[in-house]
Structure formats: C-alpha cells, structure tokens
Amino acid sequence: MRLRTGSRLLTIGLLAILAAGVARAQTTTGTLRGNVTDETGGVLPGATVEAKNDDTGFTRNATTAG
C-alpha cells in the first residue's frame, strides 16, 4: 500500500510541475509600435492612445513619445 501512495504523490508532483510550466508560458503583455500622425503625415508627439482587448474589455492608455 505504501508504494501506491508514493506513486500517487510522485504523479501529482509531476503534474503540478508540468502545470506550472504551462502557466508560465502565458503572456499577459505585448508591444505596440507605430506613429500617430495628422492629416499631412506629421508625427504627433504626446498623443494619447488607447489599446483595448475586445475579448476581455481590458484597456490600456499610453502617451506617445514622439
């Protein structure tokens, strides 16, 4: 009986380690690059930009560097 309990604990431990690796593989951030321009093509430094995830509704605001 002791061997079965040890095997179960080993199996549970291995599954926990594998699950942790999968969870770490999830990315929650990203990078957006580009230029905010006016009608003439001039760059607009200091423009406020909003990025929204349509699936979750999460939004993030940032100000352009120029």
Side-chain angles (χ1 to χ4, degrees):
M1 197 67 158
R2 191 173 260 257
L3 183 59
R4 285 188 182 167
T5 302
S7 294
R8 285 183 189 166
L9 289 176
L10 180 60
T11 301
I12 291 170
L14 289 173
L15 289 174
I17 290 169
L18 291 173
V22 170
R24 264 195 326 243
Q26 303 299 317
T27 303
T28 58
T29 61
T31 302
L32 296 175
R33 295 177 192 254
N35 295 315
V36 177
T37 59
D38 62 14
E39 301 83 25
T40 65
V43 176
L44 295 173
T48 300
V49 178
E50 178 181 272
K52 180 180 180 184
N53 182 327
D54 288 334
D55 292 335
T56 64
F58 177 78
T59 59
R60 177 72 143 218
N61 294 311
T63 303
T64 61

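Treat the numbers as computed from the prediction; the structure is a model and nothing was measured. Position 1 is the first residue of the sequence; numbering continues from there. Values reported hereafter were calculated over all heavy atoms of this structure, with side chains retained and with hydrogens, waters and symmetry mates removed.
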Closest heavy-atom pair and its distance - P45, A65: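 Between these two residues, the closest heavy atoms are CB-O, 4.2 Å.
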Nearest atoms (heavy-atom pairs only) where A51 meets L32: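 Shortest heavy-atom separation between A51 and L32 comes out as CB-CD1, 3.8 Å.
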Under the side chain to side chain contact (heavy atoms under 4.5 Å, CB included) test, residues paired with V49 that sit two or more places apart: V36, T64
Sequence neighbours excluded - side-chain hydrogen bond (donor to acceptor under 3.5 Å, both in side chains) pairs with any residue from residues 36-48: D38-T40
Nearest-0.5 Å distance, NZ of residue K52 to OG1 of residue T59: 7.5 Å
